[in-house]
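One structure is given below, encoded as structure tokens.
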Amino acid sequence: MTPREHRLRAQELRLRERDIELRHWQARRESRSKIVDSGFRSLFIMNGVGSLALVAFLSAAITEPEANDFLPFLLAAIACTAAGLILASLLYWTRYMKWRLEDDRGDYATKNPWWWFTWLVSVGSALMFAFAMALVVYGGFTSLGDVDDDSQGARVTRT
């Protein structure tokens, strides 16, 4: 093998190595993207469906006089799920900004400030949903406690 053939062979091997690394990197990024997309979609669906369910419950409960104590909790829960929905919507933009910075500067994972912002927004969206559901449960128990107290007071006065 001549020196020229040897150099060409070495260059060909380096090109194959780079191609394999590029394919590996693309496959990792694609699989990670699919996982992240499903997580973002679940946050979006969770907050959106929760908000719709609470609005439907509000429309049924607003006409009931017994629900007057419960309505502020329900409205606050709807506001929380709406805020969670807005945060879930922001996730696609933050991920786009994260990838732009990764492509421009090569900052990956925790070195990238958009990575942290994406995590904070996704955790905030999930916490908004959890807080909204906790508000509904707490408001329901608080309202039930008031109704029970009224009914027991009525029983005492009758006897």
Side-chain angles (χ1 to χ4, degrees), residues 14-153:
R14 279 193 298 270
L15 286 174
R16 282 187 185 175
E17 247 180 51
R18 286 184 195 158
D19 186 48
I20 289 171
E21 287 175 8
L22 179 64
R23 288 182 187 184
H24 176 71
W25 180 79
Q26 287 172 339
R28 280 186 55 204
R29 187 169 183 164
E30 184 179 327
S31 66
R32 197 177 318 154
S33 177
K34 287 180 183 178
I35 292 170
V36 169
D37 274 344
S38 63
F40 289 175
R41 272 189 231 122
S42 66
L43 282 173
F44 194 78
I45 289 170
M46 181 175 63
N47 281 295
V49 170
S51 184
L52 287 175
L54 290 174
V55 167
F57 187 64
L58 175 67
S59 68
I62 202 162
T63 59
E64 301 296 325
E66 297 88 17
N68 287 339
D69 294 335
F70 181 63
L71 290 179
F73 292 103
L74 190 57
L75 291 173
I78 291 170
C80 285
T81 54
L85 189 61
I86 291 169
L87 286 174
S89 303
L90 277 174
L91 284 172
Y92 291 102
W93 180 72
T94 59
R95 190 176 72 169
Y96 169 73
M97 294 303 289
K98 178 179 79 91
W99 280 355
R100 278 194 57 201
L101 192 65
E102 285 175 358
D103 290 342
D104 291 346
R105 294 191 338 202
D107 288 342
Y108 295 101
T110 57
K111 292 180 183 177
N112 190 340
W114 287 104
W115 185 85
W116 288 105
F117 192 66
T118 302
W119 269 99
L120 286 174
V121 169
S122 60
V123 167
S125 178
L127 286 176
M128 284 301 205
F129 178 78
F131 186 66
M133 294 305 117
L135 268 173
V136 169
V137 170
Y138 178 75
F141 281 127
T142 303
S143 299
L144 286 176
D146 292 343
V147 170
D148 287 342
D149 293 341
D150 292 341
S151 65
Q152 286 176 358

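Position 1 is the first residue of the sequence, and the numbers go up from there.
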With Arg14, which residues qualify under side-chain contact (heavy atoms from CB on, under 4.5 Å), at least two apart? Ala10, Gln11
Mind checking ring-ring contact (aromatic ring centres under 6.0 Å, His included) for Phe73 and listing every partner two or more places apart, or none if nothing turns up? Tyr138
For Thr81 against Ile78, the heavy-atom pair lying closest together: OG1-O, 2.9 Å
Value for CD1 (Ile62) from CZ (Phe57), rounded to nearest 0.5 Å, stands at 12.0 Å
How many angstroms lie between CG in Leu91 and CG in Leu87, if you round to the nearest 0.5 Å? 7.5 Å
With rounding to the nearest 0.5 Å, note down the distance linking CG in Leu75 to CG in Leu135. 11.0 Å
When rounded to the nearest 0.5 Å, the distance separating CD1 of Ile20 from CD of Glu17 is 7.5 Å
Atom of Met128, atom of Cys80 and distance for their closest heavy-atom approach: CB-O, 3.5 Å
To the nearest 0.5 Å, atom OG of Ser125 lies from atom CG of Leu120 at 12.5 Å
Between Phe44 and Ser89 the two heavy atoms that sit nearest each other are CE1-OG, 3.2 Å
Over all heavy atoms of both residues, which pair between Trp119 and Ser122 is shortest? Give the atoms and the distance, please. O-OG, 2.9 Å
Phe117 and Trp114: ring-ring contact (aromatic ring centres under 6.0 Å, His included), yes or no, with the steps? CA-CA 5 Å; Phe117 192 66; Trp114 287 104; 5.6 Å; yes
Is there side-chain contact between Phe40 and Val121, with at least one heavy-atom pair below 4.5 Å? no
Among Phe131, Phe70, Phe141, which one satisfies side-chain contact (heavy atoms from CB on, under 4.5 Å) with Val136? Phe70
Answer yes if the side chains of Thr142 and Asp69 hold a donor-acceptor pair under 3.5 Å, and no otherwise. no
Side chains of Tyr92 and Arg41, heavy atoms from C-beta outward: is any pair under 4.5 Å? yes
Can you find a pair of side-chain heavy atoms, one from Leu54 and one from Met133, that are under 4.5 Å apart? yes
